Amino acid sequence: MPLRPVRLRLSSIAVAAALGVALAGCSGTGFIANRTLGYDIPDDAIAQIRPGVSRDLVEIVLGTPQTTSTFSGETAWYYIETKVTETAFGLQTVQERTVLAVYFGANNRVADKAVYTLEDGKVVAIEQRRTASFGEDQGFIEAILQSI
């Protein structure tokens, strides 16, 4: 029996086995990772935030807010938690989003709180049109000729 066909058959089996081992490394946690972006907001921390609680206690329980807003003497603190699934190629898919909004009255005490989820959000279409500014549409030569 010639040795060449046997060697060819064994090399193809070896290549298939190496490919199988390499692809097995991509399965499980190696290819897809679940991550939490922003704050990790525990349910017991949300339960501790009640109307009348001081701003200092909110900061002790939740930490500094990710963003704040002030309007007419009232302040709101926002804590945002986003859970994503990320592939090895950097593609992210948002699985869950929680926004905790803590509203303070004029006396620096909690007036209200609200918990918003991904379903509460709305998709906003970004407008791509731009208003041209002076000189933007002119080329270099046109600008020189116009200045003469």
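None of the values given here were measured: they were computed from a predicted structure.
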Practice problem: Could you list the residues that satisfy side chain to side chain contact (heavy atoms under 4.5 Å, CB included) with D112, not counting sequence neighbours? | Solution: Y103
Identify each donor-acceptor pair in which a side-chain atom of residues 75-91 lies under 3.5 Å from a protein atom, sequence neighbours left out, and give them as a table.
| unit_1 | atom_1 | unit_2 | atom_2 | d |
| --- | --- | --- | --- | --- |
| Y79 | OH | G63 | O | 2.7 |
| E81 | OE2 | I41 | N | 3.4 |
| T82 | OG1 | R97 | NE | 3.3 |
| T85 | OG1 | N34 | OD1 | 3.1 |
| T85 | OG1 | Q95 | NE2 | 3.3 |
| E86 | OE1 | R35 | NH1 | 2.8 |
| T87 | OG1 | F89 | N | 3.4 |
| T87 | OG1 | L91 | N | 3.3 |

Quiz item: Hey, quick one: are L37 and I32 part of the same hydrophobic cluster, counting side-chain heavy atoms closer than 4.5 Å, chains of contacts allowed?
Solution: no
Return a table of donor-acceptor pairs under 3.5 angstrom between the side chains of residues 49-59 and protein atoms on other chains or two or more places apart.
| unit_1 | atom_1 | unit_2 | atom_2 | d |
| --- | --- | --- | --- | --- |
| S54 | OG | L57 | N | 3.3 |
| R55 | NH2 | N108 | OD1 | 2.8 |

Exercise. Go through the structure and list residues passing side chain to side chain contact (heavy atoms under 4.5 Å, CB included) with A111, not counting sequence neighbours.
Key: none
Exercise. Among residues two or more places apart or on two chains, list those pairs meeting salt bridge (charged side-chain N to carboxylate O under 4.0 Å, His left out) that have a residue in residues 40-49.
Key: none
Quiz item: So if you build clusters from Ile, Leu, Val, Met, Phe, Trp, Tyr with side-chain heavy-atom gaps below 4.5 Å, do L62 and V99 land together?
Solution: no
Quiz item: Between the side chain of K113 and the main-chain N/O of I46, is any donor-acceptor distance below 3.5 Å?
Solution: yes
Quiz item: How about T117 and E119: does a side-chain donor come under 3.5 Å of a side-chain acceptor?
Solution: yes
Quiz item: Which hydrophobic side chains are connected to I60, either touching it within the sub-4.5 Å cutoff or through other members that do?
Solution: none
